[in-house]
2 protein chains.
Amino acid sequence: MRQAGDLSCAPSIDAQQALARAEALCQQRGARLTDLRRRVLEIIWSSATPLGAYTILDVLRDDGRQGAPPTVYRALDFLLAQGLIHRLASLNVFTGCRRPGSHHSGQFLICRDCGRVSELSNPAIDELLRAETDARGFEVLAQIVEILGRCPDCLEEPTRHD
Amino acid sequence: MRQAGDLSCAPSIDAQQALARAEALCQQRGARLTDLRRRVLEIIWSSATPLGAYTILDVLRDDGRQGAPPTVYRALDFLLAQGLIHRLASLNVFTGCRRPGSHHSGQFLICRDCGRVSELSNPAIDELLRAETDARGFEVLAQIVEILGRCPDCLEEPTRHD
DNA sequence: TGATGTTATGTTATAGAATAACATTTGTTA
DNA sequence: TAACAAATGTTATTCTATAACATAACATCA
């Protein structure tokens with residue numbers, strides 16, 4: 001896949017850094033980042049674009065590992081619970097969290113053309129949503145903000161405008 | 001299912017009104033609101049909570065109609081294209097649009113306990129998101145804002161707090 | 001150390017959501 | 001009525017996710 005500029009406003013964190021950070025966080029928390037879970041996190045971080053569960057399963061099998069769908073989904077559930085990855089509901093895919101440690105819902109810009117995802121973190125948006133839910137007496141458990149569109153790089157490439 | 005207060009800030013629109021409005025809009029546009037499409041819209045509006053495609057299919061079959069998944073999905077695609085319903089990506093369900101006519105993305109509060117959905121329309125949220133995307137040169141094609149939580153009515157019922 | 005309980009993973013089967021591909025019917029227009 | 005376009009019927013398949021139960025790994029303590 002062609003290269004695209006980094007869509008994230010945060011400094012790019014590569015797989016190595018993400019794994020190290022995950023190790024540290026899990027140790028702090030007494031959560032067990034097992035081989036399988038670490039490998040799934042690594043697979044996710046090694047991809048330029050979010051991955052579906054079955055794609056991750058394929059990679060695990062390429063590793064020579066045994067595995068069925070529950071294998072992957074359980075690892076994903078763990079990583080989600082630890083706030084190490086996000087699930088993009090609009091695409092049924094998973095992407096590494098750029099701000100692990102703070103369990104946040106995140107706000108995402110998803111490019112339809114190159115598939116890359118930018119994770120925003122605009123407190124004003126959170127505050128507005130919070131004001132709306134507070135005013136209604138609605139208790140928030142999870143929050144999904146996903147914007148599908150075309151990133152600046154892909155907008156420059158007319159051939160990709162299908 | 002137990003009754004819950006209206007979560008929507010807009011006046012409650014019942015199925016009859018929604019159908020009449022859909023008729024008018026489709027006529028204006030030269031879009032064909034066929035028997036099947038009208039019936040699917042009616043099924044959606046007749047439910048207090050959003051419905052999945054296969055639930056709608058079951059109702060169609062109870063009607064004595066023939067049908068397979070594509071039957072439903074094609075009708076849903078039409079209704080989505082006309083802005084008469086919304087799809088909630090986090091639950092894979094469909095709900096009637098309270099503001100048909102203006103093709104908007106909508107913002108939704110979804111109660112985990114009673115399943116009811118409130119459609120917000122806070123321009124400030126849209127503006128903030130727009131500012132973010134504009135600043136990044138990101139072209140928006142679709143926007144998803146869904147908040148999962150517990151509505152005021154369900155918060156009053158401790159037995160439901162599982 | 002070994003018994004016990006807990007957590008994680010393996011395994012099989014199935015449920016749930018969505019679409020591909022092609023056939024048939026219905027509606028519209030010439 | 002012929003011809004075309006739009007809508008629906010039909011069969012099969014793909015993709016996403018979980019249920020249920022078996023086994024293995026790890027931890028704790030007598």
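Proteins get letters first, then strands, A, B, ... in listed order; numbering begins at 1 in each. Note that the coordinates shown come from a computational prediction; the quantities given were computed from them, not determined experimentally.
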Practice item. Please list, chain by chain and in numerical order, all residues satisfying side-chain contact (heavy atoms from CB on, under 4.5 Å) with A124(A), sequence neighbours excluded. Key: N122(A), L128(B)

Check your understanding: In the hydrophobic clustering (ILVMFWY, side-chain contacts below 4.5 Å, transitive), which residues join I144(B), or is it alone?
Key -> I144(A)

Review point. Sub-3.5 Å donor-acceptor pair from the side chain of Q17(A) to the main-chain atoms of D14(A), do we have one?
Key: yes

Practice item. For D63(A) and dG10(C), give me the distance from atom CG to atom P, rounded to whole Å. Key: 12 Å

Revision key, fill the gap. A81(B) meets the side-chain contact (heavy atoms from CB on, under 4.5 Å) criterion, sequence neighbours left out, with none

Review point. Quick one: L76(B) CG to dA17(C) C1', roughly how many Å, whole number?
Key: 12 Å

Restricting both atoms to N or O, compile the protein contacts to nucleotides 11-16 of chain C shorter than 3.5 Å, with distance only.
| from | atom 1 | to | atom 2 | distance (Å) |
| --- | --- | --- | --- | --- |
| dT11(C) | OP1 | Q66(A) | NE2 | 3.3 |
| dT11(C) | OP2 | Q66(A) | NE2 | 3.2 |

Revision key, fill the gap. Applied to residues 24-35 of chain A, the salt bridge (Lys or Arg N to Asp or Glu O under 4.0 Å) test, sequence neighbours excluded, yields D35(A)-R38(A)

**Study point:** Main-chain N/O of E42(B) paired to S46(B) side chain as donor or acceptor, under 3.5 Å
**Key:** yes

Review point. Rounded to the nearest Å, what distance is computed from the CG atom of residue L79(B) to the P atom of nucleotide dT8(D)?
Key: 10 Å

**Study point:** Partners meeting side-chain contact (heavy atoms from CB on, under 4.5 Å) with S105(A) (sequence neighbours left out)
**Key:** Q143(A)

Check your understanding: Does N92(B) have a side-chain nitrogen or oxygen under 4.0 Å from the phosphate oxygens OP1 or OP2 of dT16(D)?
Key -> no

Exercise for review: Look at Y73(A) and dT18(D) and indicate whether a side-chain polar atom (N or O) is within less than 4.0 Å of OP1 or OP2.
Suggested key: no

Study note, to complete from the structure: In numerical order, the residues of residues 33-43 of chain A whose heavy atoms come under 4.0 Å of DNA chain C are T34(A), L36(A), R37(A)

Check your understanding: Between atom CG in L51(A) and atom C1' in dT16(D), what is the gap in whole Å?
Key -> 15 Å

I'd like a table of atom pairs between the protein and nucleotides 28-30 of chain C - only N or O on both sides, under 3.5 Å - with the distance next to each one.
none

**Study point:** Rounded distance in Å - CG (L91(A)) to P (dC15(D))
**Key:** 15 Å

Exercise for review: Could you check how far CG of L88(B) sits from P of dA18(C), rounded to whole Å?
Suggested key: 11 Å

Exercise for review: Return each pair, listed once, that meets side chain to side chain donor-acceptor pair (under 3.5 Å) where at least one residue sits in residues 63-75 of chain A; pairs must be two or more places apart or across chains.
Suggested key: R39(A)-D63(A)

**Study point:** Listed once per pair and sorted, the ring pair (Phe, Tyr, Trp, His ring centres under 6.0 Å) pairs that draw on residues 46-67 of chain A, sequence neighbours left out
**Key:** none

List the atom pairs, donor and acceptor, that lie under 3.5 Å between side-chain atoms in residues 86-94 of chain B and the rest of the protein, sequence neighbours left out.
| from | atom 1 | to | atom 2 | distance (Å) |
| --- | --- | --- | --- | --- |
| H86(B) | NE2 | H104(B) | NE2 | 3.2 |
| H86(B) | NE2 | E119(B) | OE2 | 3.2 |
| R87(B) | NH2 | N92(B) | OD1 | 2.8 |
| S90(B) | OG | E146(B) | OE1 | 2.5 |

Check your understanding: When all nucleic acid strands are considered with a 4.0 Å heavy-atom cut-off, which category describes R87(B): base, sugar-phosphate, or nothing?
Key -> sugar-phosphate

Point to revise | Results of side-chain contact (heavy atoms from CB on, under 4.5 Å) for L148(B) - residues two or more places apart only | key: A142(A), I110(B), R112(B)

Review point. Roughly how many Å is it from CG in L57(B) to P in dG9(D), rounded to a whole number?
Key: 11 Å

